[in-house]
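We name chains A, B, ... by the order of the sequence lines, and we start the count at 1 in each one.
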Amino acid sequence: MLEVEKLGKTFKLPRRAKAGGKTGGVDPRQEGRSFHALREVSFKVEAGEILGLLGPNGAGKTTLLRTLSTAIAPTRGTARFDGVDIREEPRRVRQRIGFLSGSTGLYGRLTPREMVSYYGRLHGVPAAELPARVDALFAELEMQSYADKRNDDLSTGMKQKVSIARTLVHDPDIIILDEPTSGLDVHAAAGILAMIEGLRRTEKTVLFSTHHMHEVERLCDRVVLIDVGIKVFEGSVAEMREAGGDEALDRAFLGLLGKGQGATLRKGAA
Amino acid sequence: MRGISAVWIVARKEFVEMIRDRKTLFFMLVLPVVIIPVLGNVVVDFTLDVAKEEATKTLEYAVFDDAGEPEVEAAIGRAPAFAKVEIGSREAISAAIAADEIDFALVIPEIDRATEPLTVELHFDNARQTSSVSKRVHGALAGYGEQLRDAKLAEVGATTAEARELLLEPMAVVERGTATAREVAGEVAGGILPYIFIMFALLGALYPAIDLGAGEKERGTLETLLLAPIRRRDIVLGKFLVIFGAGVVSATLVVITITVWIAAKMESVGGGAGELLSTIGPLDMVLAWVVVLPITAVFAAILLSISIYAKSFKEAQSYSAPLQIFAILPAMAPMLPGVELGWGTALIPVTNVSLAIKEIIKGTIDPMMLVVIIASSSVIAGVLLGLCTWWFSREEVLFRQ
Ligand SMILES: Nc1ncnc2c1ncn2[C@@H]1O[C@H](COP(=O)(O)OP(=O)(O)OP(=O)(O)O)[C@@H](O)[C@H]1O
Ligand SMILES: [Mg+2]
């Protein structure tokens with residue numbers, strides 16, 4: 001189970017960025033050189049649940065997922081995975097997390113087997129169990145035919161599978177996925193979605209961000225919607241339709257954004 | 001996970017990746033082994049060839065004799081490889097030399113035999129450094145000059161060799177150099193060798209460093225690596241060891257290559273130069289190699305810091321360019337006249353190592369100073385490695401916008 005408690009993240013901006021945001025317009029999150037990318041976000045994900053993290057570009061999804069995965073430290077608040085605090089024991093948290101993002105790459109001069117084994121070792125998979133574990137993963141993902149070719153020589157779909165195997169090699173309890181299908185063709189994306197669906201059966205906790213509403217409909221038990229660093233909605237997909245006032249999820253999404261706290265903030269700043 | 005094994009896991013993977021990179025292998029293994037013998041041979045052989053060519057080629061000349069001294073021309077004619085050429089007038093001498101029609105001209109002005117010595121003006125292109133005209137003309141005329149001198153000496157009654165000696169050189173300043181042949185050789189070799197060693201230590205570490213730092217960002221592997229449940233310090237150490245190792249391999253190969261090359265060249269060069277080269281022994285090279293180690297560690301730590309800050313290979317390359325200058329200029333210190341190892345220069349990083357290598361080659365290194373230089377370079381390397389670890393844990397560095 002994951003409990004996120006009033007999590008906040010403020011970036012210190014470089015001096016040159018002081019006046020105005022990147023767009024030149026006023027960003028309601030900016031205060032001098034401080035940029036409040038996340039403000040007191042709280043929610044819970046139960047074991048065996050798949051939670052979709054939604055929000056427009058720049059909403060703070062990546063920032064939230066990076067903070068939860070301990071790549072960056074929260075400024076305020078905290079989060080706990082089955083009681084293990086991300087601030088207090090980041091390394092124990094990492095042991096249990098599998099992380100994959102759309103921009104994750106591979107070591108081109110290693111083979112899938114070497115790369116996945118490397119991450120297995122880094123995560124402390126016992127040396128005696130590692131080869132069998134890697135073999136089993138490769139069999140499951142149907143990767144045996146290219147397990148010993150260089151990553152550089154693989155197709156995008158094959159590479160994506162290597163990334164999946166890398167994410168799962170240490171059998172994590174919590175899987176965090178940041179737009180895992182971005183930039184993939186339908187076929188490669190389907191592989192990722194199948195993996196997420198497979199995780200549901202294994203009682204893992206899954207947290208993934210996406211811009212694709214069909215993925216939400218197909219996979220998510222619940223969704224959290226954030227805008228300008230603020231949580232504007234949390235609930236089931238059905239509740240999202242209701243609150244957003246539309247049967248079509250994308251319109252419900254826009255509806256929620258329009259009446260959310262983020263919209264008010266934006267109007268106030270403009 | 002225990003620290004040591006985490007460092008080892010990272011280092012092993014980085015090593016495998018590194019040795020599969022052609023560019024790195026080229027800079028680390030091929031360049032140091034190939035470039036020294038190739039460049040060295042080209043320079044040495046070219047120098048020897050030019051000298052030989054200059055000494056044997058036929059020199060064409062013109063003579064304008066106003067003093068009626070046919071013996072001068074006859075002496076030149078007897079010497080090997082001279083050929084007389086007619087040119088218009090003595091006013092045309094400079095033009096003829098510039099146009100390569102003649103190599104030199106002799107002008108013998110009219111003199112009063114009773115009071116003036118015989119003068120032979122040698123016109124030649126004195127801007128040509130390799131020119132042997134002057135030497136060869138002096139050589140050709142030496143015999144006739146001595147003949148004239150002996151005749152004069154006989155006139156004043158000095159007939160024995162001793163009497164002549166006494167008359168010609170009543171006082172002699174005799175030089176007795178206190179430097180050993182090794183010091184003389186070291187002064188020359190010690191200027192260039194430290195620069196080569198230090199350059200290759202840097203060059204060998206450069207590409208792996210860019211790949212191991214900026215490469216992680218460019219490929220999008222950094223974020224997942226950071227999520228491994230090991231300490232950042234262990235990641236840094238693992239990467240550092242491989243980069244450092246690459247620099248050491250490159251420096252080692254260049255030291256070995258130079259040692260072997262010197263040994264091989266000694267025989268073929270022969271003579272004085274060969275003797276000078278032979279005074280630099282393999283043990284000095286080993287000691288020089290030891291001094292290069294800590295400075296290689298310094299380079300590795302700085303390069304890794306730069307590289308992890310950069311967002312791409314390109315950025316890393318342009319950020320590390322200044323380091324190459326800052327490393328290479330101080331390494332060239334021993335080539336400057338008057339710059340010597342002392343307690344002042346011993347405190348300047350890179351320069352101290354460079355000067356120490358020179359002293360080692362000359363055989364005049366102060367052991368105390370050597371220890372201090374190795375120790376201080378090691379401390380600097382350690383501090384930089386610590387800074388690199390701190391740097392590697394900063395979000396502003398790892399997730400630069
Ligand atoms: N290291 C950083 N320094 C300063 N600002 C940052 C940093 N990282 C993110 N931001 C800012 O925080 C905001 C949220 O960014 P984030 O990447 O979390 O959004 P996102 O929801 O993932 O967007 P997208 O859908 O485009 O991926 C953006 O305005 C971004 O510019
Ligand atoms: Mg994002």
**Request:** Would you mind checking if A:Arg109 and B:Asp211 are paired as a salt bridge, meaning a charged N to carboxylate O distance below 4.0 Å?
**Result:** yes

**Which atoms of A:Ser103 approach chain B - backbone, side chain, both or neither, heavy atom under 4.5 Å** = backbone

**Message:** What verdict does the side chain to side chain contact (heavy atoms under 4.5 Å, CB included) test give for A:Thr62 and B:Phe399, after you've listed the backbone C-alpha separation in whole Å, the side-chain angles of each residue and the deciding distance to 0.1 Å?
**Reply:** CA-CA 12 Å; A:Thr62 298; B:Phe399 298 99; over 6 Å; no

**Message:** What's the separation between atom CD1 in B:Ile230 and atom CG in A:Leu122, rounded to the nearest 0.5 Å?
**Reply:** 5.0 Å

**Asked** Is a salt bridge present between B:Glu395 and A:Lys9, judged by a nitrogen-to-oxygen distance below 4.0 Å?
**Response** yes

**Request:** Tell me, for A:Leu106 versus chain B, whether the close heavy atoms (under 4.5 Å) come from the side chain, the backbone, both or neither.
**Result:** backbone

**Within-4.5 Å side-chain heavy-atom neighbours: B:Glu216 and A:Tyr107** = yes

**Complete:** Counting heavy-atom pairs under 4.5 angstrom with chain B, the leader among A:Thr70, A:Leu100, A:Ile72 is A:Ile72

**Complete:** Assert top hit (heavy-atom pairs under 4.5 Å, partner chain B, pool A:Glu114, A:Arg96, A:Met115) equals A:Glu114

**Value rounded to 0.5 Å, distance of CZ in B:Arg20 from OG1 in A:Thr111** = 6.5 Å

**Item:** Pairs satisfying side-chain hydrogen bond (donor to acceptor under 3.5 Å, both in side chains), at least one member in residues 241-260 of chain B, at least two apart
**Value:** B:Thr252-B:Trp289

**Asked** Is there a side-chain contact between A:Arg92 and B:Pro229 (heavy atoms, below 4.5 Å)?
**Response** no

**Prompt:** Is there a side-chain contact between A:Arg166 and B:Thr224, using heavy atoms and a 4.5 Å cut-off?
**Reply:** yes

**Atom group of B:Arg232 that falls short of 4.5 Å from chain A, counting heavy atoms** = side chain

**Heavy-atom pairs under 4.5 Å with chain A, option from B:Val16, B:Leu398, B:Val10, B:Leu222 with the top count** = B:Val10

**Request:** List the atom of A:Tyr119, the atom of B:Leu225, and the distance in Å for their closest heavy-atom pair.
**Result:** OH-N, 3.4 Å

**Request:** Could you check A:Arg121 against B:Lys13 for side chain to side chain contact (heavy atoms under 4.5 Å, CB included), going step by step and ending with a plain yes or no?
**Result:** CA-CA 11 Å; A:Arg121 275 184 220 108; B:Lys13 172 257 167 191; over 6 Å; no

**Message:** If you count every heavy atom of other residues, nucleotides or ligands that lies below 6.0 Å from B:Lys314 atom NZ, does the total exceed 12?
**Reply:** no

Run the side-chain donor-acceptor check on residues 21-39 of chain B: report pairs under 3.5 Å with partners two or more places apart or on a different chain.
from, atom 1, to, atom 2, distance (Å)
B:Asp21, OD2, B:Thr24, OG1, 2.7

**Message:** Please classify the contact between B:Leu226 and chain A as side chain, backbone, both or neither, with a heavy-atom cut-off of under 4.5 Å.
**Reply:** backbone

